[in-house]
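None of the values given here were measured: they were computed from a predicted structure. Every chain is numbered from 1, with letters handed out A, B, ... down the list of sequences.
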Protein chains: 2
Amino acid sequence: MPKVVDHEERRRNIAEAVYRLIGANGMDAVSLRDVAQEAGVSMGAVQHYFKTKDDMLLFALGYMRERVLPRLQSALDKLPDPTTRERTRAAITLMLPLDKQSTQEATVNIAFFANSFGNKETQAKLREGYRALYEASRQSLKDAAESGELRSIEDVDQAAAELFYLVQGLIGPTLIGAMSKKEAVTVVDNKLDALFR
Amino acid sequence: MPKVVDHEERRRNIAEAVYRLIGANGMDAVSLRDVAQEAGVSMGAVQHYFKTKDDMLLFALGYMRERVLPRLQSALDKLPDPTTRERTRAAITLMLPLDKQSTQEATVNIAFFANSFGNKETQAKLREGYRALYEASRQSLKDAAESGELRSIEDVDQAAAELFYLVQGLIGPTLIGAMSKKEAVTVVDNKLDALFR
DNA sequence: GCTATTACAATACAAATGTATTGCAAAAAT
DNA sequence: ATTTTTGCAATACATTTGTATTGTAATAGC
């Protein structure tokens, strides 16, 4: 029998191929054959690791979240003793499609969004992801309020919602060029100015 | 030869079928055969009115904008002498997926968004639509500032961007249930409270 | 009345797709 | 040393898809 390999690694490699294809041409470009080619394996190998195409896509969606955290951590490690504002800005910068990788991620996210209209499992996973992200973001702002980093904000929940969903709203239009990256960052920075001391 | 019919009407009927299919199952459900069936015509008829599937989708995207305006007008007609705030709220209420039709429209919009990653024409049309909508919204808020309807806002452009993209950001998560409709409306109303006298 | 045109309808066709199956060689287990 | 297991690879198959083509009957134009 062949050398035993790391299944999770193989699956991740395939997921990365999925992201590249979506990022370049959208979800329609994700056929098993295309994924296999992009991943540098045979279609039989793809089928070895994923029972169905849906399995593969669902895995890819879940894995995407996993791989963002190290990137965020890495960005934070570059900031010496960051304030909440700086950490918040770093996180937002990762979410907005400002560089190649974030652009890919934003594209993939929207593609899965659209895909979720015909797929309950995908939609559940997205919902769960959104809630977790929003809650973390809200809690972070709440902590900042308690430690006096915010200006006098009456309603921290409202402020948290405004910031979070403002960023969500900027992603799509920035992706398609309805808004420039610079403008998007300016809007966010102005908002942060209004929130933080 | 058969009785001459209204081409545009036929095309619109087909576009409506496209929306229904997307709304129910996402863009993957939009095959020519499915559209024909949903529209109550033969596939030959669909091909008679649209040379290619892409033509059909592009038309559907364009037509969607056209058909929103009468709905907005109708909502405004129900308001006796509306303030800018009331008009703004009416428009936002139409954009958020609060009722069946708005939900369908939001779904279709995201579907086209995702579809645009593999289609330059679709993306251009979306971009154009976003820009027009944003500009109208920004101008409306600017007018309100000049006529004294707003609180003292330092930067009306920033305020306009915040309101517009906050709403954009609420659509997706509301659609998938990551956020409740009630919460979304509350966030918007609070934002309007902060902007308008 | 005759001809041209139109609105469909039906069908063909090539290509693409996901699922399923079989095969093989090398490593792991005994 | 033998058997079992594993990671692929290759292929088959049924289904679906968009594009293309042909046909027909009824209306419009002259």
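We find that CG of Asp28(A) is positioned 18 Å from P of dT16(D), with the value rounded to whole Å. Regarding Lys53(B), its NZ atom lies at a distance of 12 Å from the C1' atom of dT19(D), rounded to whole Å. Distance Phe50(A) CZ to dC8(D) P: 13 Å, rounded to the nearest Å. Protein atom CG of Asn13(A) is 15 Å distant from nucleotide atom P of dG7(D), rounded to whole Å. For His48(B) and dT22(D), the NE2 to P distance is 17 Å, given to the nearest whole Å. With rounding to whole Å, Leu32(A) atom CG is found 20 Å from dA15(C) atom P. Rounded to a whole Å, the CG atom of Leu58(B) is 16 Å from the P atom of dG18(D).
Between Tyr130(B) and Phe164(B), the angle of the ring planes goes over 60°, which puts this pair in the perpendicular group of the 30/60° scheme. Ring geometry for Phe117(A) against Phe113(A) counts as perpendicular: the plane angle is over 60°, on a 0 to 90° scale with 30° as the lower cut.
The pair Arg67(A)-Glu16(A) counts as a salt bridge, with a side-chain nitrogen and a carboxylate oxygen less than 4.0 angstrom apart. Of the charged side-chain nitrogens involved, none lies within less than 4.0 Å of a carboxylate oxygen, so that Glu86(B) and Arg89(B) do not count as a salt-bridged pair.
Residue contacts for Ser31(B): at a heavy-atom cut-off of 4.0 Å it reaches the sugar-phosphate backbone alone, with no base atom in range. Tyr49(B) comes within contact range of the sugar-phosphate backbone alone, with a heavy-atom separation under 4.0 Å but no base atom that close. Backbone-only engagement by Val30(A) is indicated by non-hydrogen atom pairs under 4.0 Å involving sugar-phosphate atoms exclusively.
Evaluation of atom-type donor-acceptor distances gives no pair under 3.5 Å for the side chain of Arg10(A) against the base of dG7(D).
Position along DNA chain D of the nearest nucleotide to Lys3(A) versus Gln47(B) favours Lys3(A) as the more 5'-ward residue. Both Met43(B) and Met43(A) lie close to DNA chain D; mapped to their nearest nucleotides by heavy-atom distance, the more 5′-ward contact belongs to Met43(A).
Here the side chain of Asp34(A) is nearest to one of dT17(D), dG7(D), dT17(C), namely dT17(C). Ranking dT11(C), dT19(C), dG7(D) by closeness to the Arg33(A) side chain, first place goes to dT19(C).
By the 4.5 Å heavy-atom criterion applied to side chains, Ser140(A) and Thr84(A) are counted as neighbours.
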